[in-house]
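Report on one structure; see the data block that follows.
The analysis underlying the following values was restricted to heavy atoms, covering all of them including side chains, and did not include hydrogens, waters or symmetry mates.
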Amino acid sequence: MKSGLLLLCAAFCISSAVLCRTGTNLINFSHLAHLTERISFDGDSVDIVRIYSNYPSYDWTDAGNEGIACVDDAARAAILYIRYYDATKDTSVLARAKSLIRFVQHMETDDGMFYNFIRADHSINRDGKTSFKSFGWWGVRALWCFAEGYRVFLDRDSAFALELKSGIEKTFPHIDSLLHHYRRFRDIRGFRTPSWLLYESGADVTSALILGLSEYYEVSRDPKAKSFIQKFTAGLIAMQNGSLRKFPYGLHRSWETLWHMWGNDQTNALARAAKLFADRRMFTSAELEARGFYSRLLMEGFRKEIDVTSESLTQEYDQIAYCVRPMVSGLLRLYDATHTPDYLTMAGVAASWFFGNNPAHQVMYDSSTGICFDGIRDSSTVNKNSGAESTIEALWSLVELQSYPQALVYLDAKKIDTHKDRSVEYAVFETSAGEKISLILDLRQGSFKILKGDAGARFHRTKGRR
């Protein structure tokens, strides 16, 4: 059965392997097509994305009692296809995006909440801990895909776009209820924490909400959406701590006192909104996380989680694609807003994680199959399964990068040297073409810079390790 499905997917109208602008065969939708299934659901024909796919056969695997597919992944995949259309103007992907969004529409309730999972018999899981009716993670991601769809289909299929607009507006009472707590704070273990974010302090999930609202606002100019964005971004900024020199180095906490790398879209959301509103405070907050904290992740290695109450409370693993994509997206949005070339370099180096610049020294994304491994468990162990989340997040990273050739050249960069003392921290990366780039934190001056070519060589002669 599955081999037949693979043949069917290979014949799907979306090209299995798409030539990126550098001439490299990089973006491959084959595995995502294999995970995608057309079903009859709630009287409609829609697409779902099967949640798990395990090595070595990569057959579909259910998520136990949760179900077979969810809003989270369908919404992600729809956004991916729309972003691919944005980058290439290939209209063939819009039919697949629409079919995925149709599934998400059927998971919205009349009161603007969402269920998440469906079971093998295509019934909705209405009571699972990751599927109950709510406006949380899966509801926010649903709004985001509705907003992307509204933006793209408004001039192509106005009736469908208006359906999506209605679906977005149904969620507004739930957003209003969050903002009843606007400007209220709690003290959590000594950290000032805004109460009007989702889950009372969820800067991570609220970032996804801001990104969806920003897409909607750019087209609709709805003043209510603008007010939502501005109030939620104020909450994100309140979740930021430290400075370029002081721990935790400008990161935005994800929830309460924890930062985690997966879904850390705060810089992405702030940079996107900053460009919309030309808001200097948003710019400053996004740039601080990028220059003070992202720089350290690139130099020292990615982290899964940090408890900001102590610099020693950190976990390195697991590392997954969903850790990398938000950093890549955030750095690209910062470049869009500031036109600072450093952010393109950093985005390319961040995405080099997919191509072996990682603790396991393993290529995580295979452009010949479109498979992205599910994660790195430790320095010698790779989880070779390839489920929906990893597949989509990897492709999303590369689709975003496709429009920035100055970033793509660093995808094969490898870290070859690091150094840290009281005055300076740096890391040197080298591409297969022999180009060396140095990421440098000057801890005395409180500055971050990237040096290339002769400038980098001069730095290492005068200040670097001899």
Should the heavy atoms of other residues, nucleotides or ligands under 6.0 Å from CG of Asn65 be counted, would the total exceed 12?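 Open: at most 12 neighbouring heavy atoms sit under 6.0 Å from CG of Asn65.
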Kindly say whether the aromatic ring centers of [X] and [Y] come within a distance under 6.0 Å.
{"X": "Phe228", "Y": "Phe172", "value": "yes"}
{"X": "Trp262", "Y": "Phe302", "value": "no"}
{"X": "Tyr182", "Y": "Trp196", "value": "yes"}
{"X": "Phe373", "Y": "Tyr55", "value": "no"}
{"X": "Tyr150", "Y": "Tyr216", "value": "yes"}

Side-chain ion pair, [X] and [Y], N-O less than 4.0 Å:
{"X": "Arg272", "Y": "Asp336", "answer": "no"}
{"X": "Glu400", "Y": "Arg333", "answer": "yes"}
{"X": "Asp47", "Y": "Arg102", "answer": "no"}
{"X": "Glu148", "Y": "Arg83", "answer": "yes"}
{"X": "Lys133", "Y": "Glu108", "answer": "no"}
{"X": "Arg50", "Y": "Asp62", "answer": "yes"}
{"X": "Arg253", "Y": "Asp307", "answer": "no"}

| task | Could you please spell out the steps behind the side chain to side chain contact (heavy atoms under 4.5 Å, CB included) verdict for Gln315 and Glu305? | result | CA-CA 5 Å; Gln315 296 181 33; Glu305 183 177 289; 3.6 Å; yes
Any residue meeting salt bridge (charged side-chain N to carboxylate O under 4.0 Å, His left out) with Asp222, in chain and number order, not counting sequence neighbours:
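Here no residue qualifies.
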For [X], which residues count as a side-chain contact (heavy atoms from CB on, under 4.5 Å) partner, sequence neighbours excluded?
{"X": "Ala337", "result": "Lys275, Phe283"}
{"X": "Arg192", "result": "Phe185"}
{"X": "Thr381", "result": "Arg377, Asp378"}
{"X": "Leu178", "result": "Leu198, Phe232"}

In this structure, NZ of Lys384 is separated from CD of Gln362 (nearest 0.5 Å) by 6.5 Å
To the nearest 0.5 Å, atom CZ of Arg141 lies from atom CH2 of Trp137 at 5.5 Å
Requested in this report: Just grab all the salt bridge (charged side-chain N to carboxylate O under 4.0 Å, His left out) pairs involving residues 168-179, residues at least two apart or on different chains.
Outcome: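 Applying salt bridge (charged side-chain N to carboxylate O under 4.0 Å, His left out) to every pair that reaches into residues 168-179, excluding sequence neighbours, yields Lys165-Glu169, Asp176-Lys224.
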So salt bridge (charged side-chain N to carboxylate O under 4.0 Å, His left out) across residues 364-373, not counting sequence neighbours, yields none
Which residues pass the side chain to side chain donor-acceptor pair (under 3.5 Å) test with [X], sequence neighbours left out?
{"X": "Asp187", "answer": "none"}
{"X": "His31", "answer": "Ser386"}
{"X": "Glu289", "answer": "His252, Thr267"}
{"X": "Ser166", "answer": "none"}

*Honestly, is Arg76 close enough over Tyr322, meaning NZ or CZ under 6.0 Å from the six-membered ring centre and within 45° of the axis?*
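Judged by the rule (NZ or CZ under 6.0 Å from the ring centre, within 45° of its axis), Arg76 counts as positioned above Tyr322.
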With sequence neighbours left out, which residue pairs that include part of residues 203-214 fulfil the side-chain hydrogen bond (donor to acceptor under 3.5 Å, both in side chains) condition?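 The answer is Asp204-His260.
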>> Determine whether Ile51 and Asp73 satisfy the following criterion, side chain to side chain contact (heavy atoms under 4.5 Å, CB included), listing intermediate values before the conclusion.
In response: CA-CA 7 Å; Ile51 189 165; Asp73 292 328; 3.6 Å; yes
Verdict with reasoning, Tyr294 to Tyr343, per side chain to side chain contact (heavy atoms under 4.5 Å, CB included): CA-CA 10 Å; Tyr294 282 2; Tyr343 298 130; over 6 Å; no
Pairwise side-chain contact, Ser367 with Tyr365, heavy-atom cut-off 4.5 Å (strictly under):
yes
> Have Trp144 and Glu215 got a donor and an acceptor in their side chains that come within less than 3.5 Å?
Replying inline: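 No.
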